[in-house]
Amino acid sequence: SNVAVTSDTTTMNGTYNLAGSSTTLSGGNLTFNAAATLGNLGALSISSGTLALNSGEAISAPSLTLSGGTITGSDSLTVTGPTTKTGAGTATIATPFTNTGTVDVQAGTLTLSGSVNNTGGTLKAGAGTTLTMSGSLGNFSAGTLTGGTYNVLGTMRLPTTSNIVTNAATIILDGAGANLYNATSGTTDALAGFTTNAATGSFTVQNGRNFTTAGGFSNAGTLTVGSGSTLTLSDSLTNFSAGTLTGGTYNVLGTMRLP
């Protein structure tokens with residue numbers, strides 16, 4: 001059966017497995033507390049209100065659609081399929097959040113204020129939108145970004161004041177308005193210290209987004225420059241010596257400038 005809450009406060013205490021069904025919140029508060037046994041929320045849709053997950057369990061959903069509202073609580077939430085942010089407003093996921101599908105911010109702002117793990121999934125900030133991670137990102141440690149895809153057409157903010165030094169994930173800067181920042185406010189470029197593209201790393205600039213490295217650079221992965229974009233390796237490239245380019249892959253449809 002489906003669960004739908006449109007107003008007031010609803011507290012769930014029983015046993016629920018909504019796989020193949022849906023949970024819809026369009027106002028008010030929906031709480032699953034410690035007395036509830038909850039495994040799967042089914043297709044989850046929130047336009048306003050607060051969903052509180054405090055059952056003490058690991059929760060999953062095949063999809064999540066948000067135009068507003070907040071998800072809170074101590075339960076971990078894993079979305080195995082698409083997480084889609086629509087509408088001009090702001091939606092917040094404050095629970096520990098694992099993405100194995102695609103988080104697609106199509107409009108407005110999505111804030112992930114709890115811990116985030118991007119386990120082979122895609123985080124996408126569409127043109128003119130903002131995706132902010134203000135808690136922690138399990139894929140980022142000691143200057144290295146690992147796992148998953150970070151597709152930036154608008155603004156994406158990482159929950160750290162440190163720069164990405166080594167990329168072992170997939171980063172796509174798509175369009176002149178694509179910005180990857182390293183804090184929840186300000187305009188500090190998270191790639192200001194980018195020096196190494198690891199063997200599992202893929203770095204792409206395309207559709208008018210240009211990028212210039214700040215210092216020496218090493219590439220063991222894939223560098224892609226799309227039509228209308230320029231990638232400038234400004235200082236030195238360890239893969240290039242005495243007229244010979246070695247290691248890594250270079251896909252150039254636009255302009256790449258070697259030091």
Side-chain angles (χ1 to χ4, degrees), residues 2-10 12 18 21-32 40-53 59-73 75-118 121-135 137 148-159 172-181 183-187 207:
N2 301 323
V3 174
V5 175
T6 59
S7 63
D8 299 324
T9 297
T10 302
M12 313 293 279
L18 299 169
S21 300
S22 65
T23 301
T24 303
L25 178 64
S26 56
N29 300 290
L30 174 60
T31 299
F32 291 90
N40 193 306
L41 284 169
L44 179 58
S45 178
I46 301 174
S47 58
S48 66
T50 298
L51 172 64
L53 301 176
I59 310 302
S60 65
S63 64
L64 170 59
T65 301
L66 296 152
S67 58
T70 301
I71 302 175
T72 66
D75 294 350
S76 62
L77 174 63
T78 298
V79 179
T80 57
T83 296
T84 306
K85 170 60 177 68
T86 62
T90 297
T92 300
I93 301 175
T95 58
F97 179 73
T98 298
N99 173 52
T100 63
T102 297
V103 175
D104 185 5
V105 184
Q106 298 179 355
T109 297
L110 176 61
T111 298
L112 306 177
S113 61
S115 60
V116 177
N117 284 289
N118 190 30
T122 296
L123 300 177
K124 178 181 178 182
T129 74
T130 300
L131 173 57
T132 297
M133 288 166 273
S134 60
L137 177 61
T149 297
Y150 303 81
N151 190 1
V152 186
L153 293 84
T155 297
M156 185 178 294
R157 295 184 177 276
L158 303 181
I172 303 168
L173 302 180
D174 188 350
N179 294 295
L180 182 60
Y181 296 136
T184 56
S185 63
T187 57
N207 294 321

Is any side-chain heavy atom of [X] less than 4.5 Å from a side-chain heavy atom of [Y]?
X	Y	result
N40	P62	yes
T83	F97	yes
L123	M156	yes

Which pair of non-hydrogen atoms, one from [X] and one from [Y], has the smallest distance, and what is that distance?
X	Y	result
G73	P96	O-CD, 4.0 Å
S134	T184	CB-CG2, 3.5 Å
S48	S26	OG-O, 2.9 Å
T95	D75	CB-O, 3.4 Å
L153	A127	CB-N, 3.5 Å
G135	P159	O-CB, 3.6 Å

Rounded to the nearest 0.5 Å, how far does [atom2] of [Y] lie from [atom1] of [X]?
X	Y	atom1	atom2	answer
F32	I59	CZ	CD1	8.0 Å
L66	S45	CG	OG	7.5 Å
K85	T92	NZ	OG1	9.5 Å
I71	L77	CD1	CG	5.5 Å
N118	T149	CG	OG1	7.5 Å

Without placing hydrogens or testing angles, list every side-chain donor-acceptor pair under 3.5 Å for residues 100-113, not counting sequence neighbours.
| unit_1 | atom_1 | unit_2 | atom_2 | d |
| --- | --- | --- | --- | --- |
| T100 | OG1 | V79 | O | 3.4 |
| D104 | OD2 | Q106 | NE2 | 3.1 |

T155: which residues meet the side-chain contact (heavy atoms from CB on, under 4.5 Å) condition with it, sequence neighbours left out?
T130, R157, N179, Y181
Residues that N117 engages under side-chain contact (heavy atoms from CB on, under 4.5 Å), provided they are two or more places apart:
T98, T119
For I93, which of L51, T70, L64 qualifies under side chain to side chain contact (heavy atoms under 4.5 Å, CB included)?
L64
